[in-house]
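Hydrogens, waters and symmetry mates play no part in the numbers below; they use all other heavy atoms, side chains included.
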Amino acid sequence: MQSALYVGLSAQVALEKRLQTIANNVANVNTSGFRTDVVKFETVLSKAAANPVAFSSPGENIISREAGNITETGNPLDVAVVGQGWIAFAGPNGTVYTRDGRLQIAANGDLQTVSGFPVIDSGGAQISLDPNGGPVSISRSGAVTQDNNEIGTIGLFSIPTDADLDRYGNSGVTPDRPATAIADFSRDGFKQGYVEGSSANPMMELTKLMSASRAFDSTNSLIEGTESTLSNAIRTLGDPSK
């Protein structure tokens, strides 16, 4: 059996997924609150042959927990999360968590994400302000004050470190384990007038892209060489004069 052919094909499948992941990271280098995708690869042991052959699996996409850089905007409705917490909003199919703190006030007064979803407090309730009211102040704990009146508190949530995350949009995630509200703001909290950028490093991602492309080309050469060897062997075995 030409094991190299199947090993090469499995490597190409894995590298194709890697290229797609890196390309998505590069496309989101300017997306606020974006967390990069990384691919976890495994080795699948084939026991079909006398000598085990290691194949590459396509890999599993994992959303990184690494935060992006914080930039000052001066916009009072922008908040950056300090620490490992997440802002929550009411998505179409349940609660979604994000690090994109670009908020806005809807015409009806609801505090929303930049995509128009209602931001919620630690109890899951929406927060409403006066669209024509005075300046908005947001404290480290997420308390929202307008005209010297405390309107509500933006919820800050902790997602378990061992939770698997599914991506929602570009900067939202939904965990497979329940998130819990943060009550201690000594390490975690909000910073008004700032926004977190993407965690994708453009130079690093481009370097990964070039490396993966070269590996894909090398694997393609391996497959072509293996196919050529196999074809020559078939021709030789099928030639009655040999």
Side-chain angles (χ1 to χ4, degrees), residues 25 28-38 40 61-91 94-105 111-115 117-127 129 135-146 150-202 204-205:
N25 291 341
N28 285 282
V29 292
N30 293 318
T31 301
S32 297
F34 177 80
R35 295 294 180 90
T36 57
D37 277 323
V38 295
K40 178 182 178 183
N61 271 20
I62 297 176
I63 299 174
S64 170
R65 298 292 186 102
E66 183 180 354
N69 294 325
I70 293 177
T71 304
E72 184 175 8
T73 65
N75 185 342
L77 289 178
D78 284 343
V79 288
V81 176
V82 178
Q84 298 300 315
W86 298 77
I87 300 169
F89 64 84
T95 304
V96 181
Y97 301 90
T98 183
R99 298 275 295 196
D100 185 355
R102 296 174 298 164
L103 308 181
Q104 60 183 358
I105 301 175
L111 186 64
Q112 299 180 341
T113 66
V114 71
S115 300
F117 294 107
V119 175
I120 60 176
D121 62 18
S122 58
Q126 298 181 20
I127 302 169
L129 297 89
V136 175
S137 176
I138 303 174
S139 70
R140 182 179 176 88
S141 65
V144 181
T145 304
Q146 186 179 38
E150 187 171 322
I151 306 299
T153 303
I154 301 172
L156 186 62
F157 296 84
S158 174
I159 297 177
T161 56
D162 57 350
D164 290 331
L165 305 178
D166 287 327
R167 192 175 294 283
Y168 180 88
N170 288 330
S171 56
V173 299
T174 55
D176 64 348
R177 299 192 180 187
T180 55
I182 294 174
D184 181 2
F185 300 100
S186 58
R187 291 184 302 178
D188 302 284
F190 296 101
K191 193 171 185 179
Q192 185 180 20
Y194 289 78
V195 69
E196 180 181 320
S198 171
S199 66
N201 183 316
M204 182 68 71
E205 296 298 329

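A donor-acceptor pair under 3.5 Å is absent between the side-chain atoms of Ser198 and the main chain of Ser32, judged by distance alone. The main-chain N or O of Thr36 is never found under 3.5 Å from a side-chain atom of Asn28 such that the two would form a donor-acceptor pair. Judged purely by atom type and a 3.5 angstrom limit, Arg167 uses its side chain to pair as donor or acceptor with the backbone of Arg35. Using modelled atom types, one side-chain atom of Asp176 and one backbone atom of Asp164 make a donor-acceptor pair closer than 3.5 Å. A donor-acceptor contact shorter than 3.5 Å links the side chain of Thr98 to the backbone of Ser171. Looking at Glu196, its side chain never comes within 3.5 Å of a backbone N or O of Ala80 through a donor-acceptor pair. With Arg99 contributing its side chain and Ala67 its backbone, the two residues share no donor-acceptor pair below 3.5 Å.
Using a 4.5 Å heavy-atom threshold, the side chains of Arg102 and Asn75 count as separate. Inter-residue side-chain proximity for Ile87 and Thr113 is flagged as unmet; no heavy-atom pair is nearer than 4.5 Å. At least one side-chain heavy atom of Val173 sits less than 4.5 Å from a side-chain heavy atom of Trp86. The shortest distance between side-chain heavy atoms of Ser137 and Gln192 falls below 4.5 Å. By the 4.5 Å heavy-atom criterion applied to side chains, Phe34 and Asn25 are counted as neighbours. Side-chain contact between Leu103 and Ile154: present, with at least one pair of heavy atoms (C-beta onward) separated by less than 4.5 Å. Using a 4.5 Å cut-off on side-chain heavy atoms (C-beta onward), Arg140 and Phe190 make no contact.
Contact detail for Leu77 and Gln104: the closest heavy-atom pair is CD1-CA, 4.0 Å. Residue Tyr97 comes nearest to Pro175 through the heavy atom pair CD1-CD, 3.6 Å, listed as atom of the first residue, atom of the second, then distance. For Leu165 against Ile63, the heavy-atom pair with the smallest separation is O-CD1, 3.7 Å. Across all their heavy atoms, Gly124 and Ile120 have their closest contact at O-CG2, 3.7 Å. The two residues Ala200 and Pro202 come nearest to each other via the heavy atoms O-CD, 3.5 Å.
The environment of Asn30 atom CG is sparse: at most 12 non-hydrogen atoms of other residues, nucleotides or ligands sit within 6.0 angstrom. Surrounding CD of Gln84 are at most 12 heavy atoms belonging to other residues, nucleotides or ligands under 6.0 Å away. Atom CG of Asn69 has 12 or fewer neighbouring heavy atoms from other residues, nucleotides or ligands inside a 6.0 Å radius.
The aromatic rings of Phe89 and Phe117 sit parallel, their planes meeting at an angle under 30°, below the 60° perpendicular limit.
At a cut-off of 3.5 Å, with distance as the only test, a side-chain donor of Asp78 or Thr73 sits close to an acceptor on the other residue.
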Exercise. Decide side chain to side chain contact (heavy atoms under 4.5 Å, CB included) for Val144 and Val136; before the verdict, give the C-alpha distance in whole Å, the side-chain angles of both, and the deciding distance to 0.1 Å.
Key: CA-CA 7 Å; Val144 181; Val136 175; 3.7 Å; yes
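Residue Leu156 holds its CG atom at 12.5 Å from CG of Asp121, rounded to the nearest 0.5 Å. Here the straight-line distance linking atom CG of Asp184 with atom OG of Ser158 works out to 11.5 Å at 0.5 Å rounding. Atom CG of Leu111 and atom CD of Gln146 lie 10.0 Å apart (nearest 0.5 Å).
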